[in-house]
S.K.: 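My questions will all concern the structure given below.
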Amino acid sequence: MTEHQAIYTHGHQDAVLRSHRSRTAANSAAYLLPELRAGQTLLDVGCGPGTITADLAELVGPTGRVVAVDSSPEVLAQAAEYLAGRGLDNVVLAVGDIHRLQYADGEFDVVHAHQVLQHVADPVAALRELRRVVAPGGVVAVRDADYQAMTWYPELPELTAWLDLYRRTARANGGEPDAGRRLLAWARAAGFTEVTAGSSSWTYATAGERLWWGESWAERVVSSGLAATARERGFADDAELAVIADGWRRWAVDPDGWFAVLNGEVLARG
Ligand SMILES: C[S@@+](CC[C@H](N)C(=O)[O-])C[C@H]1O[C@@H](n2cnc3c(N)ncnc32)[C@H](O)[C@@H]1O
């Protein structure tokens with residue numbers, strides 16, 4: 001693996017994007033919202049299917065400009081369609097790599113990356129690059145899940161096997177699945193002098209949420225980038241993946257089922 005290369009563990013299959021499309025600025029970037037003003041220039045790196053990007057574009061619009069970057073042209077095509085459907089014309093989309101952005105020093109008032117640093121080869125170098133493109137006095141906002149800190153009930157062994165498999169696979173791909181707890185350290189290592197670190201969670205505990213989250217993972221564990229890498233690396237075979245998928249489906253219909261995702265988040269300046 002050469003410098004600054006990692007494989008994006010999830011891939012962009014529909015079961016993955018269905019999960020990412022549920023994200024909004026309110027449920028995924030609340031810590032950033034007090035910083036936003038109409039007229040700001042905002043960069044959203046690793047924008048994925050663009051649902052958070054669209055909310056951010058409304059918040060800095062109509063005069064503010066948003067640039068949304070992703071390393072995947074396929075997902076950017078979906079983001080373009082989604083943004084057009086929302087009637088937003090203040091967003092420019094571009095293929096790019098967080099480690100070497102094609103923008104000038106200090107070009108943006110706000111730089112945002114949601115659930116991206118956990119997937120990249122060098123998160124400190126990536127944060128240095130985000131720091132380079134933010135204007136003096138501007139803010140960099142990053143938020144990432146912490147897989148090891150995820151917790152659930154009932155304590156099904158299949159879900160424990162899922163977590164172990166996910167963390168092994170993400171690390172084999174060059175990422176860091178327990179990124180949430182490391183964001184403060186990474187931001188300090190990247191040279192930021194003023195860092196505010198916090199956390200917030202997503203909880204899935206209603207019948208609808210359980211079905212959506214459980215079904216999404218049941219599908220992803222047999223058919224996404226996670227499944228492909230797990231098979232290639234010999235971490236799990238088809239039968240083992242099917243057992244994990246069954247466990248997710250049992251959890252999804254259990255009225256006692258509860259799942260929490262802890263996210264680390266950082267606002268960084270200086
Ligand atoms: C988990 S998704 C998050 C998408 C979106 N921010 C959201 O929260 O809905 C991570 C995204 O980062 C992109 N990505 C991965 N590595 C990247 C890199 N080195 N540079 C830019 N984008 C990258 C992936 O293609 C993917 O769309």
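When a ligand or atom number is given, it counts from 1 through the structure's own listing order. Note: hydrogens, waters and symmetry copies are ignored here, and every other heavy atom, side chains too, is used.
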S.K.: Taking the six-membered ring of Y147 as reference, does the NZ or CZ atom of R167 fall below 6.0 Å from its centre and within a 45° cone about the axis?
M.R.: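 Cation-pi check for R167 and Y147: fails.
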S.K.: Does R143 make a cation-pi contact with W202 (under 6.0 Å, within 45 degrees of the axis)?
M.R.: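 The answer is yes; both the distance and angle limits are met.
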S.K.: Can you list the ligand 1 atoms lying under 4.0 Å from a non-hydrogen atom of H114?
M.R.: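 Contacts of ligand 1 toward H114, numbered from 1: 3 (C), 5 (C), 6 (N), 7 (C), 8 (O).
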S.K.: Tell me: protein heavy atom nearest atom 20 (N) of ligand 1, and distance?
M.R.: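 It is I98 N, 3.0 Å.
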S.K.: Taking only heavy atoms of Q115 into account, list the atoms of ligand 1 that are under 4.0 Å away from them.
M.R.: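 So the answer, numbered in order with elements, is 1 (C), 2 (S), 3 (C), 10 (C).
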S.K.: Quick one: do the Q118 and R182 side chains pair a donor with an acceptor below 3.5 Å?
M.R.: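 Distance-only check fails for Q118 and R182.
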S.K.: Which of the numbered atoms in ligand 1 are below 4.0 angstrom from a heavy atom of H12?
M.R.: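 Heavy-atom distances to H12 below 4.0 Å select 24 (C), 25 (O), 26 (C), 27 (O).
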S.K.: Within the structure, is a non-hydrogen atom of V69 found at a distance of less than 4.0 Å from ligand 1?
M.R.: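 Outside the 4.0 Å threshold, so no.
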S.K.: Between R100 and E129, does at least one N-O distance fall below 4.0 Å, as a salt bridge requires?
M.R.: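 Between E129 and R100 there is no salt bridge, as every charged N stays at least 4.0 Å from the carboxylate O atoms.
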S.K.: What is the nearest protein non-hydrogen atom to atom 16 (N) of ligand 1, stated with its residue, atom name and distance?
M.R.: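 Ranked first by proximity to atom 16 (N) of ligand 1 is S71 OG, 3.7 Å.
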S.K.: Has the side chain of N90 got a donor or acceptor atom that lies under 3.5 Å from a matching backbone atom of G64?
M.R.: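 Looks like yes, one N/O pair under 3.5 Å.
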S.K.: Under 4.0 Å, heavy atoms only, figure out whether ligand 1 is touched by the backbone of C47, its side chain, both or neither.
M.R.: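 Only the backbone of C47 comes within reach of ligand 1.
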S.K.: Say whether R21 and ligand 1 are in contact under the criterion: heavy-atom distance to a ligand atom below 4.0 Å.
M.R.: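 Checking ligand 1 against R21, which is what was asked, there is no heavy-atom contact under 4.0 Å.
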S.K.: Work out whether the distance between some heavy atom of G96 and some atom of ligand 1 is less than 4.0 Å.
M.R.: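 Heavy atoms of G96 do come under 4.0 Å of ligand 1.
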S.K.: Could you label the plane-to-plane angle of the Y166 and H10 rings as parallel, tilted or perpendicular, counting under 30° as parallel and over 60° as perpendicular?
M.R.: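 Geometry flag for H10 against Y166: parallel rings.
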S.K.: Given that the side chain starts at C-beta and the backbone is N, CA, C, O, which of these parts of I52 lies under 4.0 Å from ligand 1, counting heavy atoms, or is it both or neither?
M.R.: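 The answer is the side chain.
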S.K.: Check each atom of ligand 1 against the heavy atoms of H20 and keep those under 4.0 Å away; list them by number with element.
M.R.: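 Once the distances to H20 are compared, the set is 1 (C), 2 (S), 9 (O).
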S.K.: Taking 4.0 angstrom as the limit and counting only heavy atoms of D97, give me the atoms of ligand 1 inside it, by number and element.
M.R.: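 Heavy-atom distances to D97 below 4.0 Å select 18 (C), 19 (N), 20 (N).
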S.K.: Tell me which protein heavy atom sits closest to atom 2 (S) of ligand 1, plus the residue, atom name and distance to 0.1 Å.
M.R.: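 The closest one turns out to be Y8 OH, 3.1 Å.
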S.K.: Could you check whether the rings of Y8 and H12 sit parallel, tilted or perpendicular, using 30° and 60° as the cut-offs?
M.R.: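 Geometry flag for H12 against Y8: tilted rings.
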S.K.: Within 45° of the six-membered ring axis of F192 and under 6.0 Å from that ring's centre, is NZ or CZ of R131 located there?
M.R.: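 Yes, R131 and F192 form such a contact.
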S.K.: Give the single entry among T24, T51, V75, D70 that approaches atom 27 (O) of ligand 1 most closely by any heavy atom.
M.R.: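 Closest candidate by heavy-atom distance is D70.
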S.K.: Using ring-ring contact (aromatic ring centres under 6.0 Å, His included), reason through W152 and W258 one step at a time and then give a plain yes or no.
M.R.: CA-CA 5 Å; W152 60 82; W258 181 93; 9.9 Å; no
S.K.: Identify, by atom number and element, the atoms of ligand 1 in contact range of R23, meaning under 4.0 Å from any of its heavy atoms.
M.R.: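 Counting from 1, the qualifying ligand atoms are 3 (C), 7 (C), 8 (O), 9 (O).
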S.K.: Of G46, A121, A29, which has the heavy atom at the shortest distance from atom 6 (N) of ligand 1?
M.R.: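 Looking at heavy atoms only, G46 sits closest to atom 6 (N) of ligand 1.
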S.K.: With a 6.0 Å cut-off (strictly less than), is the heavy-atom count around CD of Q102, excluding the residue itself, greater than 12?
M.R.: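 Atom CD in Q102 is packed in, count exceeds 12.
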S.K.: Can you find a heavy atom in the side chain of T41 that is under 4.5 Å from one in the side chain of V110?
M.R.: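 They are not in contact (no side-chain heavy atoms under 4.5 Å apart), so the answer is no.
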S.K.: Quick one: does V45 get an N or O within less than 3.5 Å of an N or O on ligand 1?
M.R.: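 Between V45 and ligand 1, no N or O pair is found under 3.5 Å apart.
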